[in-house]
Amino acid sequence: MTAQAPHIEAKHLNFFYGATQALFDVTIGIKRSNVTAFIGPSGCGKSTFLRTLNRMNDIIDGIRIDGHVLVDGEDIYKSASNVIDLRRKIGMVFQKSNPFPKSIYENVAY
Ligand SMILES: Nc1ncnc2c1ncn2[C@@H]1O[C@H](COP(=O)(O)OP(=O)(O)O)[C@@H](O)[C@H]1O
Ligand SMILES: [Mg+2]
């Protein structure tokens, strides 16, 4: 049996908030149907890394990213990749709950 290719793969990923670098040359493969935990002190870049996996950092001004993130072999930072489809596959549960910018009724209904 051949080894299964990683479901998600980061390759030489560097991430910057303006002049501040938060991720340094991260290369890692994450397997499907496994639990993978990132453990480290506050501010070490766990959330930043997780947000790179579904392009949640894109909405922050002044960020820069280089390197690659592949999901099932496809580079999610290629201009042709579809962010909506990506976020259907890769969700995120936040540390603090956040209502949607809609009415209370619509939030509860959702
Ligand atoms: N929106 C942001 N703008 C500027 N710097 C940020 C922002 N978010 C996080 N950082 C900085 O990036 C580094 C990594 O933070 P973060 O990914 O939140 O770490 P962790 O989740 O491991 O606590 C920290 O130095 C933090 O201050
Ligand atoms: Mg965090």
Side-chain angles (χ1 to χ4, degrees):
M1 204 171 83
T2 54
Q4 194 192 16
H7 178 33
I8 300 174
E9 224 176 336
K11 291 184 176 173
H12 301 293
L13 193 64
N14 291 289
F15 186 93
F16 303 82
Y17 294 102
T20 308
Q21 186 165 0
L23 300 178
F24 296 78
D25 197 34
V26 177
T27 294
I28 187 174
I30 299 169
K31 289 182 187 162
R32 188 185 290 280
S33 307
N34 277 253
V35 175
T36 301
F38 295 101
I39 300 169
S42 179
C44 76
K46 305 177 297 291
S47 297
T48 301
F49 178 70
L50 290 175
R51 286 194 299 261
T52 64
L53 304 183
N54 69 352
R55 298 190 53 173
M56 289 275 297
N57 290 313
D58 289 19
I59 56 172
I60 302 169
D61 280 342
I63 62 116
R64 184 164 71 79
I65 180 164
D66 65 49
H68 302 278
V69 178
L70 310 180
V71 176
D72 292 326
E74 196 192 320
D75 190 335
I76 63 168
Y77 284 93
K78 279 221 178 102
S79 53
S81 93
N82 184 325
V83 176
I84 308 283
D85 285 345
L86 175 68
R87 292 183 188 148
R88 276 200 188 103
K89 286 199 281 190
I90 303 182
M92 185 161 177
V93 179
F94 296 96
Q95 216 160 343
K96 288 182 190 159
S97 52
N98 249 316
F100 294 113
K102 294 172 180 287
S103 68
I104 293 169
Y105 177 85
E106 283 171 309
N107 271 278
V108 172
Y110 181 81

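Order of listing sets the numbers, starting from 1, for every ligand and every atom in it. Just so you know, these numbers come straight off a predicted model, no measurement behind them. We count residues from 1, following the sequence as given.
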Distances only, to 0.1 Å: what are the N or O pairs between ligand 1 and the protein that fall under 3.5 Å?
residue	atom	partner	partner atom	Å
ligand 1	8 (N)	Tyr17	OH	3.4
ligand 1	17 (O)	Thr48	N	2.9
ligand 1	17 (O)	Thr48	OG1	2.5
ligand 1	19 (O)	Gly45	N	3.1
ligand 1	21 (O)	Ser47	N	2.9
ligand 1	21 (O)	Ser47	OG	2.8
ligand 1	22 (O)	Cys44	N	3.3
ligand 1	22 (O)	Gly45	N	3.0
ligand 1	22 (O)	Lys46	N	2.9
ligand 1	22 (O)	Lys46	NZ	2.8
ligand 1	23 (O)	Gly43	N	2.7

Closest approach of Asn82 and Asp85, non-hydrogen atoms and distance? OD1-N, 3.1 Å

Answer yes when Arg55 and Asp58 have at least one side-chain N-carboxylate O distance shorter than 4.0 Å, and no when they do not. yes

List, by chain and number, the other hydrophobic cluster members for Leu70, where Ile, Leu, Val, Met, Phe, Trp and Tyr join if side-chain heavy atoms come within less than 4.5 Å, directly or indirectly. none

Tell me, yes or no, whether the heavy-atom count around Lys31 atom NZ, taken from other residues, nucleotides or ligands under 6.0 Å, exceeds 12. no

Closest approach of Ser81 and Ile76, non-hydrogen atoms and distance? OG-O, 2.7 Å

Leu86, Asn54, Leu53 screened by side chain to side chain contact (heavy atoms under 4.5 Å, CB included) with Val71, the one that passes: Leu86

Listed by chain and number, what are the ring pair (Phe, Tyr, Trp, His ring centres under 6.0 Å) partners of Tyr110, not counting sequence neighbours? Phe100

Identify which protein N/O/S atoms are less than 2.8 Å from the Mg ion (ligand 2). Ser47 OG

Give the minimum heavy-atom separation between Asn14 and Gln21, together with the two atoms involved. OD1-NE2, 2.9 Å

Minimum-distance pair of heavy atoms, taken over all atoms of Leu23 and Phe49: CD1-CA, 3.8 Å

